[in-house]
Amino acid sequence: MKLLSLTVLILAATAGSAQTPAYLDETRPIDERVDDALSRMTTAEKVAIIHAQSKFSSPGVQRLGIPGIWCTDGPHGIRPDVLWDEWDQAGATNDSCVAFPALTCLAATWNPEMSALYGKSIGEEARYRNKNVLLGPGVNIYRTPLNGRNFEYMGEDPYLTSRMVVPYIKGVQDNGVAACVKHYALNNQEVDRATVNVLVDDRTLHEIYLPGFKAAIKEGGAWSIMPGYNKYAGDHACENSRLLLDILKGDWAFDGVAISDWGAVHNTEKVAANGLDMEFGSWTNGLNFGASNAYDRYYLANPYLDLIMEGKADTAMLNDKARRVLRLIMRTEMNRNRPYGSLNSPAHYEAARRIAGEGIVLLKNDGDLLPVKPDVKKILVVGENAIKMMTVGGGSSSLKVQREVLPFDGIRANASSKGIEVLYERGYLGDVTGEYNGVTTGQDLKDSRSGEQLIADAVKAAKAADMVIFIGGLNKSGNQDCEGTDRLHYGLPYDQDKVIEALVAANPRTVVVGITGNAYAMPWLDKVPAVVQGWFIGSEAGNALADVLFGDVNPSGKLPFTFAASLTDYAPHAAGDKEMYPGVDGDVTYKEGLDIGYRHTDRLGKGHVNFAFGHGLSYTTFSLGKPALSSTKIDGDGSVTVTVPVTNTGSRTGAEVVQIYVRDIKSSLYRPYKELKAFEKVEVKPGETVDVSLTLDKNAFAFYDPATARWTVEPGKFEILVGTASDAIAAYLPLTVATPAAWHD
Ligand code: BGC
C-alpha cells in the first residue's frame with residue numbers, strides 16, 4: 001500500500017511538471033506566458049493588479065502564484081522603505097544605500113559609458129533590495145533655471161539627454177529591474193505642478209520635449225514610464241490620449257507599463273480609456289487629501305471595476321493594461337535568471353566617485369589657481385555646503401545613505417596626505433535643518449553668530465590662509481533644489497554673494513565651488529579667479545571634489561545647460577511674461593518655442609552668458625586640428641562622417657569632448673541657431689593627437705514638420721560646427737544636402 005502511494009506520488013509529480021502552466025514555463029516566450037496568465041484571471045483580479053496596494057507596491061495574483069511589484073525611488077539611489085500605508089519610515093536597518101551623483105552631474109560627464117556604469121550600479125542596488133521598478137531616470141528638459149527639480153534631470157539639450165538616458169536604462173534593466181523614465185511629459189516646473197496646463201506647439205514638443213522619452217523607449221527599451229502631474233493641451237498627463245495612446249503606444253510602440261506619478265490620476269473614465277496602465281499614490285482625491293488604506297477607491301480600482309461590470313468601460317482596454325503589468329512582472333520578479341544584485345559594495349562607491357569625478361565642471365581657472373599648487377600650505381574652506389549633508393531632502397529623491405563624505409572632510413583628508421593644513425569657517429548661515437520623510441542627518445548645524453560676525457571671522461581667517469575654497473550654492477530645502485517648489489530667485493541665497501566678495505577681497509586666491517543642481521547668478525565672477533561646478537554628488541562628494549581640486553583627477557565635465565548671466569537671459573523669462581512662467585489662469589505657454597537654452601542664449605552674445613552649454617576646462621589644454629568631412633554633398637537619407645584630430649597641447653593626460661552642432665542655412669521653417677547632433681569624449685595623452693570620427697545621419701538634419709507630422713530633411717546648404725562648447729566653435733564646414741527625406745516616428 002505504501003509502495004503504491006509512493007508510485008502514485010512520483011507519477012503525479014512527473015505528470016505535474018509536464019503540465020506546468022504555460023505562464024510559469026520560462027522556456028516559453030513572455031507574451032505567450034502573459035496571454036496564458038491573463039486567460040486564467042477573473043475581471044476583479046485584472047483590476048487588482050493595475051493599482052497600488054500600499055505606498056510603493058501592487059498586488060499580484062495570489063491564487064495563481066503571480067507576485068506583485070515593488071517600486072522604489074529613484075533616480076540617484078534606492079530610497080529607504082516607508083510603512084505600508086504611510087510616508088513614515090519603516091525603520092528598517094538594511095535600507096541604507098550608496099547615493100550616486102545627481103543626474104545633472106551624470107549628464108555633465110558627456111560620457112555614455114558613465115551612464116552605463118550608473119545604471120548597472122543603481123540597478124544592482126535596486127535588485128538587492130528586491131525592488132522591481134526604479135522610479136527614474138528623469139529626462140525633463142531644463143527650460144527654466146528656477147525649476148526646483150532640474151537636479152534630477154539631464155539638462156537643456158534633447159540630443160545630450162537622449163544619448164545619456166539609454167545606457168542608464170539598459171544598465172538598470174540588465175538586473176531584471178525596470179527603469180521608469182519620468183515625468184512624461186512637459187513637467188518642467190514645480191510651481192502648480194499638479195494643475196498647470198502646458199501649451200506648446202507640436203514642433204517644439206517633438207523636437208525639444210519628447211526626444212529624451214523617445215530614446216528611452218525606442219532605444220533604451222524602458223519597461224515603464226511615469227506620466228507626470230501636469231496637464232498638456234487640457235488633459236492631465238495620466239489621462240492624455242495624445243501623449244499615451246497616439247505617441248507612446250502608437251508611434252513608439254511602447255510595450256511596457258505607464259505608471260502614474262503618485263496621486264496624478266483624477267478621473268476613472270478618462271484614465272480607463274486613455275492609456276495609463278497602473279495607478280499609484282492617490283488617496284481618493286489626487287495628491288492632497290483622502291483616507292488611509294483607500295486603495296480600493298483608487299480610480300483604477302473599484303470605480304473602474306464598476307464601470308466594466310456595468311458595460312461602460314472597454315474590457316479590451318482592461319486586458320491591455322493587465323497584459324502590460326503581467327509582462328512587467330515576468331520581466332522582473334518572475335525572471336528567475338536575473339542576477340542577485342549587490343548593495344553598498346566597494347564597486348558602487350568607486351562608480352559614484354568616478355562618475356562624480358568626470359561630471360564636476362571646472363568653469364574658470366584664471367592664473368592656473370587649480371589644481372592646488374605645491375606652495376599652498378594652509379587652505380581655508382568656507383561655506384555651509386562644505387559641511388552639510390545633501391543626500392537628505394529635495395523630495396522623493398531623498399536617501400538614507402550608508403555614508404556620505406562631506407566636502408570639508410574629503411578636502412581635509414586629501415590635503416593632509418600632502419602635508420597641507422585645512423581650516424574651516426562657516427561664512428554664512430543657510431538652512432540648518434536636516435530631515436526628510438523621517439530620515440534625519442543627525443547634524444547640528446546651528447551657529448549663533450550674526451551674519452556680519454560670520455563674514456568677519458571668515459575674512460580674518462582668509463587673510464591668514466594661502467588659499468580659500470568657498471563651498472556654497474543651493475541645498476535640498478524648499479525653494480532651492482527641491483521637488484514641490486521652484487526657486488524664487490536666480491541668485492544665491494543667504495547673502496552668499498556678499499561673503500564671496502569679502503573673501504576674494506581678503507584673499508585673491510579664492511575658488512568658488514557651487515554645490516547646486518541649477519545655474520545661478522555670479523555677480524562677483526570678474527573678481528573670482530576660479531569657479532567649479534560641484535553638483536550634488538552623493539556618497540563620495542568630498543572625495544570626488546578633492547580629487548579634482550588637488551588634481552588627482554583631471555576635470556573633464558562639460559555643462560549640460562547654460563549658465564546665463566541673469567534670469568532674463570533665459571528665453572522663458574526674457575520678457576517677464578507670466579504666461580510663459582509660471583503661467584496665468586492655469587496655463588503656461590511655451591511661447592519661446594524651440595529657443596531654449598543655448599538655442600536662445602548663443603544669439604545674445606557674451607555679456608549674457610557666464611558659461612555656455614558644453615563648456616568645461618581641463619588642467620591640460622587641447623587644440624582641434626582641421627576637421628574633414630567624408631563628403632561635402634549627401635542625400636537627405638544619407639550620412640556624413642566628420643573626423644576631427646584632437647591634440648593634447650598641455651602636460652598631462654586629459655579628456656576633451658568634441659561637439660558637433662548643425663546649422664541649417666536656409667529652411668522653409670524657422671530653425672534654431674545651432675543644434676547639438678553628435679559628441680564624443682576622448683582621452684588624450686600629452687603631445688598625442690587622436691582622431692575622433694562622428695557620423696551624422698538624417699536625424700541630424702531633420703526638423704519636425706507640424707503640417708505633415710513628419711521628420712523632414714530639406715535639400716540645401718548646411719553648416720557643420722565643430723567645437724568644444726556651444727560658444728567655442730573651432731570650424732564651420734559647409735555641407736550640401738541634395739535630396740529631401742521625410743518619415744514618421
Ligand atoms: C514624484 C515622483 C516619485 C513619486 C514616488 C512623486 O511625488 O513626482 O518622481 O517617483 O512621488 O515617490
Side-chain angles (χ1 to χ4, degrees), residues 51-58 69-90 95 97 102-104 122 126 129 131-140 147-154 165 168 172 177-196 212-213 216 222-231 236-238 257-266 276 278-283 286-290 298 392-400 436-439 476 478 481-486 517:
H51 62 268
Q53 62 174 355
S54 76
K55 286 280 179 244
F56 283 96
S57 76
S58 63
I69 283 175
W70 279 91
C71 303
T72 176
D73 282 298
H76 307 142
I78 309 308
R79 191 174 176 174
D81 290 324
V82 294
L83 291 173
W84 186 259
D85 187 42
E86 305 299 333
W87 289 110
D88 300 334
Q89 291 297 301
D95 58 354
C97 67
L103 292 193
T104 36
I122 196 172
R129 291 264 311 275
K131 307 299 181 188
N132 310 114
V133 178
L134 176 70
L135 303 173
V139 294
N140 295 91
N147 180 8
R149 270 191 113 167
N150 278 335
F151 70 100
E152 291 187 66
Y153 306 138
M154 299 193 189
V165 72
Y168 180 116
V172 169
V177 174
C180 185
V181 55
K182 65 191 187 184
H183 306 90
Y184 184 64
L186 301 161
N187 187 172
N188 303 308
Q189 65 186 56
E190 290 297 289
V191 176
D192 299 330
R193 67 171 175 173
T195 51
V196 73
F213 292 102
W223 292 337
S224 62
I225 190 168
M226 182 189 287
Y229 287 122
N230 56 291
K231 292 180 187 167
H236 277 281
C238 287
V257 180
I259 298 175
S260 76
D261 200 345
W262 267 229
V265 179
H266 298 81
L276 190 91
M278 244 184 156
E279 184 186 2
F280 269 89
S282 313
W283 283 318
L287 264 181
N288 303 319
F289 59 96
Y298 270 35
V392 175
S396 57
S397 63
S398 180
L399 298 169
K400 177 171 133 189
Y436 184 79
N437 199 199
V439 176
K476 296 292 192 67
D481 284 318
C482 182
E483 178 179 341
T485 53
D486 279 354

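The structure presented is a predicted model; accordingly, all values stated were derived computationally and were not measured. Every number for a ligand or one of its atoms is a count from 1 in the order of the listing. Hydrogens, waters and symmetry mates play no part in the numbers below; they use all other heavy atoms, side chains included.
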Problem - Ligand-residue contact atoms, ligand 1 with R193, heavy atoms, under 4.0 Å - result: 7 (O), 8 (O)
Handout entry: Within-shell test, E152 vs ligand 1, heavy atom, strictly < 4.0 Å
Key = no
Handout entry: Contacting atoms of ligand 1, where contact means under 4.0 angstrom from a heavy atom of R79
Key = 12 (O)
Problem - Working for side-chain contact (heavy atoms from CB on, under 4.5 Å), residues F151 and H76 - result: CA-CA 10 Å; F151 70 100; H76 307 142; 3.8 Å; yes
Handout entry: Point-to-point distance, once rounded to the nearest 0.5 Å, from CZ of R129 to CG of D81
Key = 4.5 Å
Problem - Check: H266/Y229 side-chain N/O donor and acceptor closer than 3.5 Å - result: no
Exercise for the section: Check E190 against ligand 1 and report side chain, backbone, both or neither, counting heavy atoms closer than 4.0 Å. Expected result: neither
Exercise for the section: Show the numbers, then the answer: is there a salt bridge (Lys or Arg N to Asp or Glu O under 4.0 Å) between D486 and R193? Expected result: CA-CA 10 Å; D486 279 354; R193 67 171 175 173; over 6 Å; no
Practice task
Provide the number and element of each atom of ligand 1 under 4.0 Å from a heavy atom of S396.
Solution key: 1 (C), 2 (C), 3 (C), 9 (O), 12 (O)
Problem - Value rounded to 0.5 Å, distance of CD in E152 from CG in L103 - result: 7.5 Å
Fill in the blank from the handout: Sorted by chain and residue number, the salt bridge (Lys or Arg N to Asp or Glu O under 4.0 Å) partners of D73 (sequence neighbours excluded) come out as R79, K182
Exercise for the section: Just jot down the ligand 1 atoms closer than 4.0 angstrom to any heavy atom of H183, in number order. Expected result: 2 (C), 8 (O), 9 (O)
Exercise for the section: Number the atoms of ligand 1 from 1 as they appear, then name those within less than 4.0 Å of a heavy atom of R149, with their elements. Expected result: 1 (C), 2 (C), 8 (O), 9 (O)
Handout entry: 4.0 Å heavy-atom contact, Y229 with ligand 1
Key = yes
Problem - Nearest-option assignment for atom 4 (C) of ligand 1, heavy atoms, candidates I259, D261, L135 - result: D261
Practice task
Output, in order, the C-alpha distance, side-chain angles, deciding distance and verdict of ring pair (Phe, Tyr, Trp, His ring centres under 6.0 Å) for F56 and W87.
Solution key: CA-CA 10 Å; F56 283 96; W87 289 110; 5.6 Å; yes
Handout entry: Under 3.5 Å: N/O of W262 near N/O of ligand 1
Key = no
Completion exercise
Under 4.0 Å between heavy atoms, the region of F56 that gets near ligand 1 turns out to be side chain
Fill in the blank from the handout: For K182, the ligand 1 atoms with a heavy-atom partner under 4.0 Å come out as 2 (C), 3 (C), 9 (O), 10 (O)
Problem - Donor-acceptor pair between E279 and S260 side chains, under 3.5 angstrom - result: no
